[in-house]
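Remarks on the structure that follows.
Not measured: the values here are computed from a predicted model.
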Amino acid sequence: MGLFGAQPKQEPITTTPFEEEPFDEIPPLPKANNNTIIAQGITFTGMIRGEGNVQIEGRLEGEIDLNGGVTVAASGLVKGPIAADAVRVAGNVEGSITARDHLCLERTGAIHGDVATASLIVENGRLDGSSTMLAVAEPPRSRESDISVQDLQFGPDFELEAREE
């Protein structure tokens, strides 16, 4: 009720119409990282397969088969075989390791099992087992790189002479 019994006047409310802004396309979602961490204090039992990177700070009892990298942190323990492109061991591994590209055994790391890798770096860690060096996979050569001796040029006036003996 208004002052002295009069009804207050209501002013009309004006609204502006909402205009939707056009857009070309919805921006893509960010690509998910293929990183997995088994944290300290966690025990994982089973098999890990796939692509990406796995960091073990806790305990893993099982097999790892990855297209990617495996890092065993100083607090990490793996009981089982590891197969990956790159493996870095700062903790303990009880099982064989196959590192297709390279394997790095850090000074705090210990491997109790056989290793097979194309490149082995040992920073004063412990390796109880044998090591086998794998052949480095060479990239496939293209047909264009097959050059015969006759196609080689050694300067502006070079002539290939047949040797007579």
Side-chain angles (χ1 to χ4, degrees), residues 18-155 158 160:
F18 175 74
E19 292 183 23
E20 189 173 321
E21 294 182 20
F23 56 90
D24 293 334
E25 62 184 59
I26 298 173
L29 295 173
K31 186 176 179 182
N33 290 333
N34 292 337
N35 296 328
T36 301
I37 297 176
I38 298 174
Q40 193 170 0
I42 300 294
T43 299
F44 178 86
T45 304
M47 180 182 295
I48 297 177
R49 283 193 177 176
E51 289 186 17
N53 298 309
V54 174
Q55 181 169 329
I56 296 131
E57 297 173 1
R59 181 183 177 115
L60 182 131
E61 296 176 1
E63 180 181 342
I64 299 174
D65 186 6
L66 282 181
N67 288 330
V70 175
T71 301
V72 181
S75 61
L77 170 65
V78 175
K79 289 189 170 193
I82 298 173
D85 294 331
V87 180
R88 185 171 200 94
V89 179
N92 289 301
V93 175
E94 297 176 8
S96 63
I97 298 177
T98 302
R100 291 178 285 276
D101 290 336
H102 64 273
L103 168 65
C104 179
L105 177 57
E106 295 185 3
R107 64 179 181 82
T108 58
I111 300 172
H112 305 280
D114 298 336
V115 298
T117 184
S119 172
L120 177 62
I121 300 170
V122 179
E123 297 178 356
N124 216 14
R126 180 181 178 116
L127 174 59
D128 293 330
S130 65
S131 64
T132 303
M133 300 306 290
L134 301 175
V136 178
E138 294 183 25
R141 292 178 26 171
S142 67
R143 299 293 296 164
E144 296 173 6
S145 66
D146 294 337
I147 299 174
S148 68
V149 174
Q150 288 77 19
D151 294 335
L152 297 176
Q153 300 294 323
F154 295 98
F158 180 80
L160 184 62

What residues form a salt bridge (charged side-chain N to carboxylate O under 4.0 Å, His left out) with [X], not counting sequence neighbours?
X	result
E106	R88
R126	D128
E123	none

[atom1]-[atom2] distance between [X] and [Y], expressed to the nearest 0.5 angstrom:
X	Y	atom1	atom2	result
L103	L134	CG	CG	10.5 Å
I56	N92	CD1	CG	12.0 Å
F44	R59	CZ	CZ	14.0 Å

Do you know which two heavy atoms are closest between [X] and [Y], and how far apart they sit?
X	Y	answer
A84	G68	CB-O, 3.6 Å
V72	V78	CG2-CG2, 3.8 Å
L127	V115	CD1-CG1, 4.0 Å
T108	A74	OG1-CB, 4.3 Å

Pairs where residues 72-87 contributes a residue and the test salt bridge (charged side-chain N to carboxylate O under 4.0 Å, His left out) is met, not counting sequence neighbours: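 Found K79-E94, D85-R100.
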Pairs satisfying side chain to side chain donor-acceptor pair (under 3.5 Å), at least one member in residues 44-54, at least two apart: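 Matches after skipping sequence neighbours: N35-N53.
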Spell out, as yes or no, whether a donor-acceptor pair under 3.5 Å connects the side chain of D114 to the backbone of G129.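 No.
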Indicate yes or no: at least one non-hydrogen side-chain atom of [X] is less than 4.5 angstrom from one of [Y].
X	Y	value
I82	V93	yes
I111	L105	yes
V87	I64	no
L60	V54	no

Show the numbers, then the answer: is there a side-chain contact (heavy atoms from CB on, under 4.5 Å) between I48 and I38? CA-CA 11 Å; I48 297 177; I38 298 174; 4.0 Å; yes
Residues which pass side chain to side chain donor-acceptor pair (under 3.5 Å) with D101, listed by chain and number, not counting sequence neighbours: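 Side chain to side chain donor-acceptor pair (under 3.5 Å) check on D101 returns nothing, list empty.
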Residues which pass side-chain contact (heavy atoms from CB on, under 4.5 Å) with S75, listed by chain and number, not counting sequence neighbours: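 For S75, the residues satisfying side-chain contact (heavy atoms from CB on, under 4.5 Å) (neighbours in sequence not counted) are Q40, E57, A73.
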